[in-house]
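Please read the structure below before turning to the comments.
Chain letters run A, B, ... following the sequence lines, proteins first, then strands; residues in each count from 1. Only a predicted model underlies this, so the values are computations on that prediction, with no experimental measurement involved. Atoms considered below: every heavy atom in the structure, side chains included; atoms not considered: hydrogens, waters and symmetry mates.
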Protein chains: 2
Amino acid sequence: MVTLKDISRDLGLSVTQVSRALGDHTDVNPQTKQRVRAAADRLGYRPNAVARGLKTGRSGIVAMVVSGTRSPEVSAHLLEIVMGLSAEFSRIGLRFVLHVAQPDEDTAQLHEDLFLAGGIDGFIVISPQRQDPRIKALRRLGAAFVVHGRDPDQRHVHVDIDNYGVGYRLADHLLARGHRRIAFLTAGDHTFFSQERVRGLRQAYADRGLDCAAAQVIGMPMIAPEGYRATRDLLSQTQSPTAIIAGNTMLARGVYAAAAECNVAIPDRLSVITHDDGLDLFGTDTFDPPLGGTISPLSDAWVSVARTLQNMIAAQNDGLMECILPLGFREGGSIQSVLD
Amino acid sequence: MVTLKDISRDLGLSVTQVSRALGDHTDVNPQTKQRVRAAADRLGYRPNAVARGLKTGRSGIVAMVVSGTRSPEVSAHLLEIVMGLSAEFSRIGLRFVLHVAQPDEDTAQLHEDLFLAGGIDGFIVISPQRQDPRIKALRRLGAAFVVHGRDPDQRHVHVDIDNYGVGYRLADHLLARGHRRIAFLTAGDHTFFSQERVRGLRQAYADRGLDCAAAQVIGMPMIAPEGYRATRDLLSQTQSPTAIIAGNTMLARGVYAAAAECNVAIPDRLSVITHDDGLDLFGTDTFDPPLGGTISPLSDAWVSVARTLQNMIAAQNDGLMECILPLGFREGGSIQSVLD
DNA sequence: CCCTAAATCCGAAACGTTTCGGAAAAGACA
DNA sequence: TGTCTTTTCCGAAACGTTTCGGATTTAGGG
């Protein structure tokens with residue numbers, strides 16, 4: 001292993017100056033910097049991250065701990081997220097690693113162990129639940145972490161979208177076109193984002209002086225088979241809904257499949273609208289007819305998440321507590337007015 | 001952060017003795033050990049892994065680098081592997097982390113960067129190809145690593161199954177039951193395990209004095225949709241095979257689906273046999289009729305992989321270069337003699 | 001020519017741990 | 001009592017890096 005000392009000996013300099021030269025500090029002769037850099041290259045020097053970590057207290061590594069799963073859809077979704085985060089962190093010079101826990105393992109404890117052993121500068125938490133134990137542990141430890149999503153029961157820095165807005169806009173878009181019997185396929189009630197979306201939907205009804213009892217909120221794991229099953233059920237009702245809000249594109253895929261199977265044409269006999277996080281496995285443009293709804297690419301979220309965590313690590317700056325990403329909208333061809 | 005120094009001050013001992021007490025060395029009074037352990041507990045001491053890593057040169061972290069993918073099946077498969085490895089390593093006191101690279105990223109370079117920065121004791125490599133650049137890089141660096149599978153072009157320690165044996169036994173089992181036109185769905189020819197299995201299959205033909213031209217070897221990504229497609233093609237041939245060897249259970253799923261769709265009964269009109277690595281998403285026992293073939297649970301592989309890597313890290317012991325896991329066999333109900 | 005400021009360098013300490021070499025105390029044996 | 005061994009302890013160095021405080025040299029201004 002080539003160390004600073006090796007370079008300093010090679011050049012007849014002090015270790016200090018070599019370190020400062022490579023760190024591009026001001027008080028070292030530009031020529032010296034050149035010589036040092038050349039020598040470092042020539043000798044194949046690589047800074048030892050462990051030693052640096054010991055001295056600076058930072059390792060340049062951020063981690064995410066997730067529970068293992070056997071669901072292909074969930075796995076794929078997760079890996080997609082990890083790829084996005086990895087790319088973003090490597091862009092800003094941090095390394096992102098994943099620790100996959102056993103399904104029955106205590107992830108809050110794992111966060112604690114990982115943090116206390118040192119060597120991890122910060123954490124990413126995704127899919128928070130209410131009273132999330134991971135967040136509780138990280139807060140207690142004073143660790144740097146940013147949450148994608150939000151746990152309203154605890155103060156923490158987070159990057160999120162306006163889920164109330166999502167619910168409102170999706171519902172409003174349908175209500176404006178005469179729909180009243182609307183089914184909302186979303187996550188279970190233990191997630192705050194789902195609660196918020198439902199709240200938005202209710203408000204949209206209220207703002208038009210309508211009774212939101214006509215809306216049917218159904219909670220489920222947000223994967224295609226569940227959307228399929230729910231839609232089959234819905235379409236067999238006597239008063240089946242005229243429109244379905246799919247919480248994400250995976251659910252929408254299930255909706256499309258069920259509708260096709262029941263010979264219910266989209267959008268003629270059923271309008272479908274969704275929130276698209278840009279993470280669809282096959283690309284949202286593979287929907288026929290094109291799927292409409294709100295848009296907020298998760299890839300945008302990752303750059304905010306990464307930057308925010310970087311700031312938190314650099315300075316214990318908890319001034320900026322939240323970052324709400326903007327919402328787009330795609331018309332698509334999956335929504336039709338019931339008045340037509 | 002509580003350090004050894006804090007404990008030593010608290011107890012009026014030297015840092016040395018505290019360290020040795022916690023390390024359970026011999027030359028410290030049993031009573032002192034007790035006191036030290038109690039104080040460590042009371043103060044909430046956690047050894048700093050970074051400092052320890054700097055001194056000992058070991059971090060207790062092993063890593064695997066994989067390329068990201070968008071395929072749900074591949075993702076799920078990968079996560080299943082990672083879960084298995086994580087469990088095994090955590091059992092022997094090592095931490096296992098995953099680094100997910102971008103699909104177009106140079107993983108050999110990533111291994112190098114990770115290793116040279118220090119802080120990673122060893123690596124796991126899976127799904128090696130011939131002349132695998134990752135293996136080349138790790139060998140050059142002198143890093144500790146173990147490969148699951150084998151690259152015959154390079155010397156490296158590996159844990160594997162007898163793939164020649166797999167090909168031989170699967171083919172032999174069918175040949176003994178009168179099958180001659182056998183299709184073998186396997187991976188592409190760039191993988192050694194596939195080459196070996198094919199070699200085994202050919203030898204099984206030869207040992208019975210048969211011409212292996214009757215066998216049809218088809219390479220493909222080993223996921224269900226590919227198995228499905230291939231089987232559809234095969235069943236539409238004029239001289240369609242009487243038996244199919246599916247390289248893994250995912251392919252077998254595709255085979256079953258296609259056969260069902262073509263109204264070809266298993267095993268009456270088509271025998272199916274596979275190699276089961278115990279990683280099937282839905283469990284191999286969900287096949288109807290029960291799928292037969294060779295068995296070698298990957299979970300067994302992980303304990304060998306973990307133990308072997310641990311040994312390599314402890315001592316640069318490269319005496320034990322290979323570990324070949326035993327092969328089981330399940331009769332199942334998916335194979336029928338053509339003579340009946 | 002002296003004084004000050006800027007530019008460039010270096011020694012030493014520190015981060016928290018492990019470990020080598022020895023030291024002190026206590027007991028065993030003559 | 002003196003010597004030798006065993007038990008129990010400790011100081012100090014080391015791992016590779018960063019950084020504080022100061023030292024030396026050079027240039028600038030009067």
Side-chain angles (χ1 to χ4, degrees), chain A residues 1-37 39-40 43-61 93 113-121 313-314, chain B residues 1-37 39-40 43-61 93 113-121 313-314:
Chain A
M1 172 193 276
V2 182
T3 71
L4 288 181
K5 202 193 293 193
D6 296 322
I7 301 182
S8 75
R9 202 174 319 115
D10 187 90
L11 255 43
L13 278 172
S14 74
V15 175
T16 304
Q17 278 311 88
V18 176
S19 171
R20 303 182 67 86
L22 293 173
D24 204 24
H25 287 237
T26 52
D27 64 348
V28 30
N29 192 318
Q31 288 183 28
T32 311
K33 282 188 190 175
Q34 280 303 338
R35 284 200 308 145
V36 170
R37 278 197 270 260
L43 300 178
Y45 170 75
R46 293 293 195 105
N48 183 314
V50 180
R52 176 180 291 170
L54 177 59
K55 178 62 191 168
T56 64
R58 295 199 206 97
S59 62
I61 299 181
D113 292 345
L114 241 37
F115 179 72
L116 288 180
I120 304 263
D121 292 349
I313 293 171
Chain B
M1 172 194 276
V2 182
T3 71
L4 289 182
K5 202 192 295 195
D6 296 322
I7 301 183
S8 73
R9 203 175 317 117
D10 186 89
L11 253 43
L13 278 173
S14 75
V15 176
T16 304
Q17 279 311 89
V18 175
S19 172
R20 302 182 68 87
L22 292 173
D24 204 24
H25 286 237
T26 53
D27 64 348
V28 30
N29 191 319
Q31 289 183 27
T32 311
K33 281 188 189 174
Q34 279 304 338
R35 286 201 307 144
V36 170
R37 278 197 271 258
L43 300 177
Y45 170 75
R46 295 292 195 103
N48 183 315
V50 179
R52 176 180 290 171
L54 177 60
K55 180 60 193 167
T56 64
R58 297 201 203 94
S59 61
I61 299 181
D113 292 344
L114 240 37
F115 179 72
L116 289 180
I120 305 260
D121 292 349
I313 292 170

Just by modelled atom types, is the [Y] backbone N or O under 3.5 Å from a matching donor or acceptor in the [X] side chain?
X: Lys33(B); Y: His25(B); answer: yes
X: Asp121(B); Y: Ser59(B); answer: yes
X: Lys5(A); Y: Ser14(A); answer: no
X: Thr56(A); Y: Arg52(A); answer: yes

Tell me the interatomic distance from [X], atom [atom1], to [N], atom [atom2], rounded to whole angstroms.
X: Met1(A); N: dT17(D); atom1: CE; atom2: C1'; value: 11 Å
X: Asp24(B); N: dT17(C); atom1: CG; atom2: P; value: 17 Å
X: Arg58(B); N: dC15(D); atom1: CZ; atom2: P; value: 16 Å
X: Leu22(B); N: dT18(C); atom1: CG; atom2: C1'; value: 12 Å
X: Leu4(B); N: dT18(C); atom1: CG; atom2: P; value: 6 Å
X: Leu54(A); N: dA14(D); atom1: CG; atom2: P; value: 17 Å
X: Lys33(B); N: dT7(D); atom1: NZ; atom2: C1'; value: 12 Å
X: Arg20(A); N: dG21(D); atom1: CZ; atom2: P; value: 12 Å

* Asked: Contacts to DNA chain C from residues 5-19 of chain B, heavy-atom cutoff under 4.0 Å, which residues?
  -> Val15(B), Thr16(B), Ser19(B)
Can you figure out which of [options] approaches the side chain of [X] most closely?
X: Thr32(B); options: dT17(D), dC9(D), dT19(C); value: dC9(D)
X: Asp27(B); options: dT17(D), dT18(C), dC9(D); value: dC9(D)
X: Pro30(A); options: dT17(D), dT17(C), dT8(C); value: dT8(C)

* Between Asn29(A) and dT8(C), does any side-chain N or O lie under 4.0 Å from OP1 or OP2? -> yes
* OP1 or OP2 of dG16(C) sitting under 4.0 Å from any side-chain N/O of Arg52(B)? -> no
Determine whether [X] and [Y] make a side-chain contact, defined as any pair of heavy atoms from C-beta on separated by less than 4.5 Å.
X: Val36(A); Y: Arg20(A); value: no
X: Leu13(B); Y: Arg35(B); value: yes
X: Arg46(A); Y: Val2(A); value: no
X: Asn48(A); Y: Thr3(A); value: no

* Of Thr56(B) and Val28(A), whose nearest nucleotide on DNA chain C comes first from the 5' end? -> Val28(A)
* To do: Let me see the working for Asp10(A) and Asp6(A) under side-chain contact (heavy atoms from CB on, under 4.5 Å), right down to the final yes or no.
  => CA-CA 6 Å; Asp10(A) 187 90; Asp6(A) 296 322; over 6 Å; no
* Give me the bend of the helix from dC1(C)-dG30(D) to dA30(C)-dT1(D), using the axes of the five pairs at each end, rounded to 10°. => 60°
